[in-house]
Amino acid sequence: MKYKSQKVAYWFFALSMLLFSLQIIYGFIMGFAHAGFDGLHSFIPFNTARAVHTNLLVVWLLSGFMGAAYYIIPEEAQRELVSVKLAYVQLISLAVVGVVAIVGYHFNIWEGRKFLEIPRGLDYLVVVNVLLFLGLILATLFKGKRKTTTALVLSMGLLFAALLYLPGMLPFDSQVKDSFFRWWVVHLWVEGVWELIMGGILSFLLIKLTGVDREVIEKWLYVIVGLTFLSGVLGTGHHYYYIGVNKIWLIVGGIFSALEPLAFLAMALFAVNMYRKGEKKHPNNLALYWTLGAAIVSFIGAGLLGFAHTLPQTNLYTHGTLVTAMHGHLAFWGAYAMIVLAIISYSLPNMTGRKLYESTRGRMAFWMSNIGMIGMTVAFGVAGVVQVYLERKLKMEFMEVQKEIEIHFVVLIICATLFLTGIALYIIDFIKHGKPTDEALVATVD
Amino acid sequence: MLSKKQARAFFLGGTVVTFLIFIGLTIYSFSKSQDQSNDENITEAVVRGKKLWEKNNCMGCHTILGEGAYYAPELTKVIERRGEGYIKAVLTTPVDWAPNGRKMVAYGFTGEEAVDLIAFFDWIGDIDLNGFDTVVSPLAKDDN
C-alpha cells in the first residue's frame, strides 16, 4: 500500500463479504424450495428470496468494484483520494440503501422487474450514491500525477455503469418495452461495461503480479474491451428473440452473441500469457490463483455456456428455463465474483501488513468454492435440459416436470455446501488478516 | 505488430459504431410498420394489470415472455391454457394456492384486480413472439 487513503477499500471489501454470505443463505432457501422443502414460505416466499439473492449479488459486486477502485485509483494516479471522509459517507449510504431495499423485499415493497427490484424512491438514492462515488474517483484521477490506461478503463466502466442505470428507470405501459429497456441496464452492464471494470482490475493485477511491462498489458486491455463492446452491444439482441420485438434481432443477436465468447477467450489467453511471460515472481500466490481463475472460469461460464443457449434455434426452447440459471451462476462467479475475490486477495496483505500470501486454507477456499460452483452449474444444467425436454418437447405440465427434477436440486444443495465451505474459509482468511493499518504503508511488496 | 494507439482506436471506433447500429435497430424495431408488440391493444386495464404484476413481483417466481424466475409456470399463454375462471380463482383465493405441493402466496386480489390482471395476461397472449408462443403453449402441440 502506497497511500493511506487506500485503506477505505478494506471496508468496502468487508461489506462485500457480509452481503455475499447473506446472498448464499438466500440461495439455499431457494435451493431447498426447489427440492420440495419450502418451510420458510410464510416468512420468506420464493420471490422474496429470489429478489434478495440477485440484488445482494449486485450490491456486493458493486461494493467490491468500488473498493477495487478506491484501492487502484490512488496507486495509478499517484496521489491520495481527494476525500476519505466522503468515501466513508458513500460506503455507509450504500450499505443503508442496500439494507433498506432488502428489508423492504420481505414486506412486498419492490418493483417486480427482474434484477431491478429496488423501488423507485430508492433508485434516486442509488443514483446520488453512485454520483458521489464517481466524483471522488474521477477527481482523484484528474488531479493525479498520471492517467494510466488501466485507471481510465476502470473509471470509464464505472461511469458507463452509472449512466446505463438510467434506461431502467424509464416508465413504460408495455411489458415488451419495459423488458426491452431493462436489458439495456442488465445486459449492457454484465456483458458490456462491467467487463471494462473487470478488464481494468485484471490489468492492474497482472501488472502487479507478473511484472510484464505496463504498455504491453494495457495494449491488450484495449483489444479485449474493444472485442467486448464489438460483440456485446449488439449481442443484447439475444434477449430480444422471443419477447415480442422484430425478427431482425434473431439475426443480429445470433451473430453477435456467437462472437461474445471471443472477448472472454482473449481475456483468458491474455491472462495466461502474461503470467507465462512474467519474469517477476510475486509472493502473493493466492491472488494469482484468483486472477487467472477469474479469466479462465469467466471464459467457460460467460463465454462458452452463454454461447450454448444464445443461438436463436436453441434459445427458442431454453428461453425461460433453468438453463439460464446454469449459465448465470458460472458466468457471474467466474467473471465478477472471482475478480473481486482476486483484488481482495491481492490488496488485503498490503493494507493490513499481514503477509498471508500462501496457506492451505487459502488454497482450499479457492478449490472448494470453484469445484462446488462447477458442480452447481452441472446440476442446474441437467435440471434445465430435462425441463426443456419434458416441458417443451413432450409438453408435460410445469409442476409435473418440476417434480421430476427435484432430485437435481438435492445435488445442487450438496455442491452448494461445498461452495459455501470454500467461501467460509475465504472469509476466515479475510478476518485473520486483521484491520488495515498505516504501518502497512512501507511494508508493501509491489 | 499492433500499437497501443491502434488498439485504442479499435476499442473506441468499434464501440461507437456498434452502439449507433444498436440505437438504429431499436428505433427500427419499434417503428410503426415493424412493431409487433401488440402496442395498439394496451388498455387502461392492461396497464393496471401490469402495475399489479410488478407491485407483487410475480416474475420473482413465474416467467412471462420467458422472463422470470423458473419456480412457477410460464404465464404467456395462461388464458388459453387455463381459462379465465381458473385464473380468477387463483388470484382471489384467501389461502395459499398449492396444486402439486408448490405454494403460491395468497395475494387475495379483489375481483377488479383479478380482472385487470386477466386483461394483462390476455394482452400478453396476443403478442407476436417469433414462434416462442407455440413452444410455451401445450395447446399448440400440433404446430411443432
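All values derive from a computational prediction rather than experimental measurement. Quick note on labels: first sequence line is chain A, next is B, and so on, each numbered from 1. Atoms considered below: every heavy atom in the structure, side chains included; atoms not considered: hydrogens, waters and symmetry mates.
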Verdict with supporting geometry, F180(A) and F30(B), ring pair (Phe, Tyr, Trp, His ring centres under 6.0 Å) = CA-CA 10 Å; F180(A) 191 94; F30(B) 284 115; 4.8 Å; yes
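- N130(B) contributes no side-chain N or O that, together with a main-chain N or O of Y242(A), makes up a donor-acceptor pair within less than 3.5 Å.
- Among K219(A), H239(A), K247(A), the residue making the largest number of heavy-atom pairs under 4.5 Å with chain B is K219(A).
- With 3.5 Å as the limit, one finds no donor-acceptor pair spanning the side chains of S174(A) and K50(B).
- Ranked by heavy-atom pairs under 4.5 Å with chain B, the list V252(A), I248(A), N108(A) is led by N108(A).
- Around CZ of F160(A), the count of heavy atoms belonging to other residues, nucleotides or ligands within 6.0 Å does not exceed 12.
- The part of F398(A) that comes within reach of chain B is its side chain, from C-beta onward, which places non-hydrogen atoms under 4.5 angstrom from that chain.
- In E84(B), the CD atom is not crowded: 12 or fewer heavy atoms of neighbouring residues, nucleotides or ligands sit closer than 6.0 Å.
- Between chain B and the options F256(A), Y105(A), Y240(A), W183(A), heavy-atom pairs under 4.5 Å are most frequent for W183(A).
- Exactly one of K114(A), H319(A), Q175(A), R182(A) qualifies for a side-chain hydrogen bond (donor to acceptor under 3.5 Å, both in side chains) with E67(B). That residue is R182(A).
- For A49(A), no part lies near chain B; criterion is any non-hydrogen pair under 4.5 Å.
- The candidate from M59(B), Q34(B), R8(B) with the greatest count of non-hydrogen atom pairs under 4.5 Å with chain A is R8(B).
- Residue contact with chain A, scored on non-hydrogen atoms closer than 4.5 Å, involves the backbone and the side chain of L65(B) alike.
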Derivation of the side chain to side chain contact (heavy atoms under 4.5 Å, CB included) call for T236(A) and F22(B) = CA-CA 9 Å; T236(A) 314; F22(B) 184 57; 3.7 Å; yes
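- Residue F46(A) comes nearest to C61(B) through the heavy atom pair CB-SG, 3.7 Å, listed as atom of the first residue, atom of the second, then distance.
- With a 4.5 Å cut-off on non-hydrogen atoms, D39(B) touches chain A through its side chain but not through its backbone.
- Taking 4.0 Å as the cut-off between side-chain N and carboxylate O, K4(B) and E218(A) count as a salt-bridged pair.
- Ranking A9(B), G14(B), S29(B) against chain A, the residue ahead of the rest is S29(B), based on heavy-atom pairs under 4.5 Å.
- Note that CG of D128(B) and CG of N246(A) are 9.0 Å apart. Values are rounded to the nearest 0.5 Å.
- The two residues W184(A) and I23(B) come nearest to each other via the heavy atoms CH2-CG1, 4.4 Å.
- In this structure, chain B has heavy atoms under 4.5 Å from both the backbone and the side chain of E215(A).
- The distance from the CZ atom of F11(B) to the CG atom of L230(A) is 11.0 Å, given to the nearest 0.5 Å.
- To the nearest 0.5 angstrom, F132(B) atom CZ is 4.0 Å from R392(A) atom CZ.
- Contact of T26(B) with chain A is made through backbone and side chain together, with heavy-atom distances under 4.5 Å.
- If you measure heavy-atom distances from L116(A) to chain B, you find no contacts under 4.5 Å at all.
- Heavy-atom pairs under 4.5 Å with chain A were tallied for V105(B), N56(B), I124(B), L2(B); the largest tally goes to N56(B).
- In this structure a side-chain-to-backbone donor-acceptor pair under 3.5 Å is missing from N100(B) to M399(A).
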Given the rule in the salt bridge (charged side-chain N to carboxylate O under 4.0 Å, His left out) test, do K55(B) and E111(A) qualify, once you have shown the distances and angles that lead to the verdict?
-> CA-CA 6 Å; K55(B) 194 171 159 282; E111(A) 214 174 67; over 6 Å; no
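- Listed here is the closest heavy atom pair of I127(B) and G244(A): CG2-CA, 3.5 Å.
- Here the side chain of K395(A) pairs a donor or acceptor atom with the backbone of V135(B) at under 3.5 angstrom.
- Atom OH of Y389(A) has 12 or fewer heavy atoms from other residues, nucleotides or ligands within 6.0 Å.
- For L25(B), the parts lying under 4.5 angstrom from a heavy atom of chain A are both the backbone and the side chain.
- Interface residue I64(B): only side-chain heavy atoms are found under 4.5 Å from chain A.
- Shown here is F37(A), whose CZ atom has no more than 12 heavy atoms of other residues, nucleotides or ligands within 6.0 Å.
- Counting heavy-atom pairs under 4.5 Å between each of V401(A), D173(A), T48(A) and chain B puts D173(A) at the top.
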Does the pair L188(A) and F19(B) meet the rule for a side chain to side chain contact (heavy atoms under 4.5 Å, CB included), with working shown?
-> CA-CA 11 Å; L188(A) 291 178; F19(B) 205 75; 4.2 Å; yes
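- At most 12 heavy atoms of other shown residues, nucleotides or ligands fall within 6.0 angstrom of atom NZ in K88(B).
- Ring geometry for Y71(B) versus H34(A): interplanar angle over 60°, hence perpendicular rather than tilted (30 to 60°).
- Looking at T63(B), only its side chain comes within 4.5 Å of chain A, counting heavy atoms on both sides.
- In this structure, W249(A) has its ring center no closer than 6.0 Å to that of Y28(B).
- A salt bridge does not link R102(B) to E400(A): none of the charged nitrogens lies less than 4.0 Å from a carboxylate oxygen.
- Of the atoms belonging to D96(B), it is side-chain heavy atoms, and not backbone ones, that fall under 4.5 Å from chain A.
- Taken from OH in Y222(A) to CZ in F10(B), the straight-line distance is 13.0 Å, to the nearest 0.5 Å.
- Atom CD of E40(B) has more than 12 neighbouring heavy atoms from other residues, nucleotides or ligands inside a 6.0 Å radius.
- Between chain B and the options T321(A), L322(A), T324(A), the largest number of non-hydrogen pairs under 4.5 Å is found for T321(A).
- Contacts with chain A were tallied for G13(B), C58(B), A72(B), S37(B); A72(B) has the most, counting heavy-atom pairs under 4.5 Å.
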